[in-house]
Amino acid sequence: MSLQPLAARVGRYGLVGLAAAAIHATLLVLMATLIPFWLRNLSGFLAASLVSYLGHALYTFRSETTGQRFARRWLLLQFSVNVSVSALLPLALSPWASLPITTVMLVFTPTLLNALIWSRAARFSMRRQKRSNKTKPQLHADDLGLTNATNTAILSLAAARQLDSASLLVNGNAVESAIEQSRSYPNLKLCLHLCLSEGRAVAPPQQVSELIDDAGRLKCSFGTLMLASCLPKNAPRRRRLERQLRCELNSQIQQFRELTGLTIIAIDGHQHVHLVPIVLDVILELAPEQGISWLRTTAEPLPTGLSSRYWLTALTNGGWLKWLVLQNLTRMALPRLRKALIATNARFAGVLFTGRMVEAPLKAAWQELTSVSFSPPQTQPLLLSHPAAPLKPEEVHQGLTDFPLSRTFFSSSWRQLEWQAVKQLQASASNQSEP
């Protein structure tokens with residue numbers, strides 16, 4: 001940046017800073033008799049931070065943001081850093097409190113940190129603007145073969161070319177029907193949806209006795225498998241579980257191969273169990289002999305532009321917790337996948353707002369993924385949905401007896417809302433891509 005534009009930017013930065021300081025000071029004076037000083041100062045600081053956030057995005061760094069607000073994460077970062085520095089810096093400098101340099105450091109340290117934060121926020125916005133709409137995400141649906149209701153929604157999307165891929169549940173109640181109908185849509189990519197938490201085991205029951213209940217239904221929840229992953233590698237129980245997981249996984253792969261005719265296997269997991277360390281160990285062990293070439297990961301960037309109510313819903317529905325757990329499991333899995341020469345998707349969306357990927361969250365996730373750059377062996381960023389038609393009464397009471405977790409999930413009207421939302425999303429994306 002040349003000297004003149006730099007001077008102009010510094011001037012704009014100073015004006016915004018003065019406006020924020022004025023707001024802070026005004027609130028301190030106006031609320032002097034109403035609330036304690038510490039609360040006045042905090043309120044003033046919050047208001048000043050908001051002025052700074054909006055002013056720098058819409059005025060100081062307008063050339064980078066094109067008049068759009070910074071992502072709210074930068075406001076949270078700025079506030080957290082400033083509160084921490086304001087609290088800790090005086091304690092650190094207390095032995096030199098009488099020196100003039102101490103006052104200078106107390107005043108200018110937050111100022112310099114704010115300049116760094118807002119300039120990085122501006123660069124972040126500029127990079128997103130440049131990359132926006134450069135990548136078409138892969139739109140994916142889970143649970144093909146579970147019921148006729150899931151088949152109806154997924155295959156209708158495939159017929160309209162509004163879906164790129166789907167995960168096949170080989171122990172689902174309607175898997176044969178799904179395969180028969182999917183042959184009409186050769187562009188629909190299929191991958192194995194490894195299931196360990198419900199439905200009938202594919203392997204002979206006597207070979208997977210610790211994975212099933214008395215009725216022969218798989219019972220390994222995500223939490224159970226996570227606890228098993230904490231056992232020592234040579235613990236007898238862990239070794240038994242790994243042996244039985246190997247047997248069940250081999251059986252599901254073989255069933256998938258017989259149903260689809262595919263020899264190269266792409267794999268993901270029902271409730272993301274494929275990322276649990278003990279399961280991933282077995283998958284990587286079997287990968288060379290079974291031709292496993294791709295595995296789904298869940299590195300989900302936080303979308304921007306969503307109102308606070310969506311983030312609150314993600315918190316109350318457990319989306320944030322799932323996101324945090326799966327982010328860490330993906331971080332652990334990625335170097336192992338690279339070493340095993342197994343490809344994976346560049347980024348992912350569908351955990352934070354899982355089960356409610358409609359309207360604003362779906363559009364924001366799609367937009368975020370369009371700005372992701374990638375190169376082989378990475379594949380397109382993947383957006384996950386769970387569309388389904390309404391379940392018939394016999395499917396609820398009989399067809400899903402072996403899938404109690406899915407029965408609750410797919411009985412929700414959110415499944416139809418997701419189905420409609422995916423249709424509208426693809427129609428909107430198609431319109432935007434036309435000249």
Side-chain angles (χ1 to χ4, degrees), residues 72-73 76 137-143 146 150 167 169 191 193-199 218-230 267-280 283 295-304 306-334 337 344-366 368-369 372 381-388 403-412 414-415 417-418 421-422:
R72 280 190 294 270
R73 69 197 72 169
L76 295 175
Q138 177 178 334
L139 193 51
H140 182 92
D142 270 359
D143 302 308
L146 176 64
T150 56
S167 300
L169 201 63
C191 64
H193 200 45
L194 175 63
C195 184
L196 297 171
S197 57
E198 56 182 346
L218 291 159
K219 63 175 184 179
C220 297
S221 67
F222 188 96
T224 299
L225 291 166
M226 283 293 290
L227 289 174
S229 299
C230 297
I267 193 167
D268 57 34
H270 195 51
Q271 300 163 346
H272 307 286
V273 294
H274 64 295
L275 291 174
V276 177
I278 191 172
V279 180
L280 184 61
I283 292 173
L295 184 137
R296 185 170 80 198
T297 50
T298 55
E300 182 167 10
L302 298 177
T304 58
L306 288 174
S307 69
S308 300
R309 69 186 179 95
Y310 293 110
W311 297 112
L312 182 60
T313 300
L315 180 64
T316 56
N317 286 350
W320 271 111
L321 179 59
K322 294 176 187 174
W323 179 86
L324 184 61
V325 171
L326 289 168
Q327 288 289 107
N328 281 287
L329 290 179
T330 288
R331 194 172 292 113
M332 294 165 57
L334 285 173
L337 294 176
T344 188
N345 45 295
R347 287 290 185 273
F348 172 90
V351 167
L352 265 173
F353 305 103
T354 185
R356 299 190 175 192
M357 288 290 285
V358 301
E359 298 175 347
L362 182 66
K363 292 176 182 177
W366 176 273
E368 191 68 33
L369 294 183
V372 172
L382 186 147
L383 192 150
L384 175 64
S385 64
H386 293 87
F403 290 87
L405 301 175
S406 293
R407 179 169 55 194
T408 302
F409 187 76
F410 281 96
S411 295
S412 168
W414 283 101
R415 304 286 64 73
L417 292 175
E418 281 200 19
V422 171

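These figures come from a predicted structure and were not determined experimentally.
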Quiz item: Taking the inter-plane angle between the rings of Phe403 and His270 on a 0 to 90° scale, is it parallel (under 30°), tilted (30 to 60°) or perpendicular (over 60°)?
Solution: perpendicular
Approximate separation, where rounding is to 0.5 Å, of [X] [atom1] and [Y] [atom2]:
X      : Y      : atom1 : atom2 : value
Leu194 : Ser167 : CG    : OG    : 10.5 Å
Asp268 : Cys191 : CG    : SG    : 4.0 Å
Arg356 : Tyr310 : CZ    : OH    : 11.0 Å
Phe348 : Glu368 : CZ    : CD    : 14.0 Å
Leu295 : Leu280 : CG    : CG    : 6.5 Å
Ser221 : Leu196 : OG    : CG    : 10.5 Å

Quiz item: Is a side-chain donor-acceptor pair under 3.5 Å present for Ser411 with Thr408?
Solution: no
Quiz item: Using 4.0 Å as the upper bound for N to carboxylate O, is an ion pair formed by Arg296 and Asp142?
Solution: yes
Exercise. Start with the C-alpha gap between Phe222 and His272, add the side-chain angles, then the distance that decides, and say whether ring-ring contact (aromatic ring centres under 6.0 Å, His included) holds.
Key: CA-CA 8 Å; Phe222 188 96; His272 307 286; 7.9 Å; no
Can you see which heavy atom on [X] is nearest to which on [Y], and at what distance?
X      : Y      : result
Phe410 : Ala388 : CD2-CB, 3.7 Å
Gly355 : Trp414 : O-CB, 3.4 Å
Thr313 : Thr316 : O-OG1, 3.1 Å

Quiz item: Any donor-acceptor pair under 3.5 Å linking the side chain of Glu300 with the backbone of Val351?
Solution: yes
Quiz item: Is a side-chain donor or acceptor of Asn345 paired with a backbone partner of Arg347 at a separation under 3.5 angstrom?
Solution: yes
Quiz item: So, Trp311 versus Phe353, ring centres under 6.0 angstrom or not?
Solution: yes
Could you tell me whether the side chain of [Y] reaches within less than 4.5 Å of the side chain of [X], counting heavy atoms only?
X      : Y      : answer
His140 : Ser385 : no
Thr354 : Trp323 : no
Cys195 : Gln271 : no
Lys219 : Ser197 : no
Leu352 : Pro303 : yes
His274 : Ile283 : yes
Leu384 : Met357 : no
Leu146 : Thr150 : yes

Quiz prompt | Test log, rule side chain to side chain contact (heavy atoms under 4.5 Å, CB included), inputs Leu383 and Gln138 | solution = CA-CA 6 Å; Leu383 192 150; Gln138 177 178 334; over 6 Å; no
Practice problem: Not counting sequence neighbours, which residues clear side-chain contact (heavy atoms from CB on, under 4.5 Å) with Ser308? List them please. | Solution: none
Practice problem: Please identify each residue that fulfils side-chain contact (heavy atoms from CB on, under 4.5 Å) with Thr330, with sequence neighbours left out. | Solution: Leu275, Thr297, Thr298, Ala299, Leu334
